[in-house]
Amino acid sequence: MSYFLFPHESEYIHFHGEIRDAQWKKEQMIMADINGIKRPRVIIVGAGFGGIHAAKALAGKDVDVTIIDCNNYHLFQPLLYQVSTAVLAENEIAYPVRAFFRQKKNIDFFLGKVTDFDPQQKRVITDAGELSYDYLIVAAGATTNYFGMDSVAKHAFPMKTLNESVAIRNHILNIFEQASKETDAQTRRELLTFVCVGGGPTGVEEAGAISELIYSVMAKEYHHMDFSEVDIKLIEGTDRILPMMPKSLRDEALQVLRGKKVDVRLETQVMDYDGRALVFKGGELVKTRTVIWAAGVKAVPVVEKLGAPLDRAGRVIVLKTLQVPGCSDVYAIGDSACFLQEDRPLATIAPVATQQAEICVKNIVHSISGQPLQFFSYHDVGSMATIGCGDAVMFRGIIKSKGFIAWMLWMVVHLMRLAGTRTNLLVILKWLWNFLSGDRLGRIITQHL
Ligand SMILES: Cc1cc2nc3c(=O)[nH]c(=O)nc-3n(C[C@H](O)[C@H](O)[C@H](O)COP(=O)(O)OP(=O)(O)OC[C@H]3O[C@@H](n4cnc5c(N)ncnc54)[C@H](O)[C@@H]3O)c2cc1C
């Protein structure tokens, strides 16, 4: 068994394999003292928007930081739909965590899945060992919420991770190959029916992008198929899509989607799906092999191990300082946290996570130096959604924009948030190329049905 030294506490954790001898451990302790690194240790769980932002804010400060994530990359989730529809490739929306902190010696990375927390002993338990902390930031994000519908969870496609969006891409491309060989008209229609559930930005963007992929790209290449057999549906339980937008922009989005031959169904609730038949409340049934679920999220399950009060979506109900109730050295931010502003929980969106990361880091620094802690308050930065290549809606305060200008703004905002110059250049070139040529050369099947 080998041991990993925690210099600030002169204690060890064990993980994987062999034994390091006592001499090695002694040397490590001496080195730790010589380097004077008995500094507060901050553990950040999750290398998403909140976690990376917090680590960047802690870089160069008098603390040692370890980011734990079950993936070695930061994922830009807002563009998952573009991977699922063959616009972008996997490495264009994911960035290695260590690469962010090449020059930041006080930031380290630990690849592992957190399975439990021990706030009494100030330990985080992972499948690759245990780590001690002085301060903990839980930024572990969210997972798909099927609202208790097990059949839907079993058969629908979620879109929360890179693998899930690649699975959707493979499925759509495979389905087309299958449909092109299918001689039975009824089965072909079933194969060519694509359903997105959830009228928020993800569902709207996915439905619009599937429509473009099919009618602008596939239609030019599957010479013997009848594209009037294709049916794309967007299903929304309430009476509106993009609920955060003003009515004029919601209407615009509806009109654009319908223009793209997307059958938008409002006030329609999914009750069941067995992989072949999607059943709505009221008994209506749609035969389809493809249901993409973008209807809700809940906190990742490990968050409940903190033993703190949770909301209905499993998120920790944090204090105004973003601390977890009962654990003054533990903070929860982003999609793992429920922060009540004017008695309403904030949305699970990236700007909430990044703004919370800033205040949470300030509070940790203040806590170390004995200063009073700050309260968090979210500053609305507006919202936007693409409805297709060259078309978007955008809303901030009194500013509303739609069409090509909103799409340009959407591109700028997303490029600013993407990691790395190389990625930015690649992505902007691809977007422009797709816009001008209508091409989607990322249509690579990496797994067959
Ligand atoms: C398809 C999609 C589209 C979206 N579009 C937008 C958009 O357009 N605009 C917007 O503002 N927001 C959008 N969001 C929401 C936004 O991505 C999230 O609000 C944001 O990522 C939350 O940041 P976070 O740091 O809380 O969590 P995340 O960014 O989800 O990061 C959580 C991290 O924790 C890691 N993790 C989870 N569990 C464990 C564990 N047990 N052990 C170790 N590591 C773990 C994960 O691997 C991940 O890296 C979208 C989300 C999705 C899924």
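Order of listing sets the numbers, starting from 1, for every ligand and every atom in it.
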request  = Using the six-membered ring wherever Trp is involved, compare the ring planes of F339 and F376 and label them parallel, tilted or perpendicular (cut-offs 30° and 60°).
outcome  = perpendicular
key: Sidechain N-carboxylate O distance under 4.0 Å for E92, K430   = yes
query = If only atom types and distance count, is the side chain of Y133 paired as donor or acceptor with the main-chain N or O of Y135 below 3.5 Å?
reply = no
ask   = Please state which protein non-hydrogen atom is closest to atom 21 (O) of ligand 1 and give its distance, to 0.1 Å?
value = F49 CD1, 3.1 Å
message = Restricting to non-hydrogen atoms, name the atom on P345 and the atom on L340 that form the minimum distance, rounded to 0.1 Å.
response = N-CD2, 3.6 Å
query = Between A353 and ligand 1, which residue portion shows a heavy-atom distance shorter than 4.0 Å: side chain, backbone, both, or neither?
reply = side chain
query = Tell me, which protein residue and heavy-atom name are nearest atom 24 (P) of ligand 1, and how many Å apart are they?
reply = G50 N, 4.0 Å
remark   = atom 37 (C) of ligand 1 has as its nearest protein heavy atom A140 O, 3.0 Å
inquiry  = Is it the case that ligand 1 has an N or O less than 3.5 angstrom from some N or O of T348?
reply    = yes
query = Can the ring centroids of F49 and F76 be said to lie less than 6.0 angstrom from one another?
reply = yes
task = Answer side chain, backbone, both or neither: which part of I349 comes under 4.0 Å from ligand 1, heavy atoms only.
result = both
request  = Answer with yes or no whether the side chains of S336 and R315 bring together a donor and an acceptor at under 3.5 Å.
outcome  = no
message = With a heavy-atom distance limit of 4.0 Å, tell me whether T202 approaches ligand 1 through its side chain, its backbone, both, or neither.
response = side chain
remark   = the protein heavy atom lying closest to atom 42 (N) of ligand 1 turns out to be V114 N, 2.8 Å
task = Tell me which protein heavy atom sits closest to atom 35 (C) of ligand 1, plus the residue, atom name and distance to 0.1 Å.
result = D69 OD2, 3.1 Å
task = Please find out if less than 6.0 Å separates the ring center of W293 from that of F157.
result = no
remark   = Closest heavy-atom pair, A357 versus G50, reported as atoms and distance to 0.1 Å, is CB-O, 3.4 Å
note = Ranked by distance from atom 5 (N) of ligand 1, the top protein heavy atom is P78 CA, 3.4 Å
ask   = Hey, is N71 touching ligand 1 through its side chain, its backbone, both or neither, going by heavy atoms under 4.0 Å?
value = side chain
ask   = How about T386 and D391: does a side-chain donor come under 3.5 Å of a side-chain acceptor?
value = no
D335 N/O under 3.5 Å from ligand 1 N/O = yes
query = Quick one: does V300 get an N or O within less than 3.5 Å of an N or O on ligand 1?
reply = no
Geometric N/O contact Q77 with ligand 1, under 3.5 angstrom = yes
message = Return the closest protein heavy atom for atom 39 (C) of ligand 1 as residue, atom name and distance.
response = C70 SG, 4.0 Å
request  = Compute the centroid of each ring, for F435 and then for W407, and state whether the two points are separated by less than 6.0 Å.
outcome  = yes
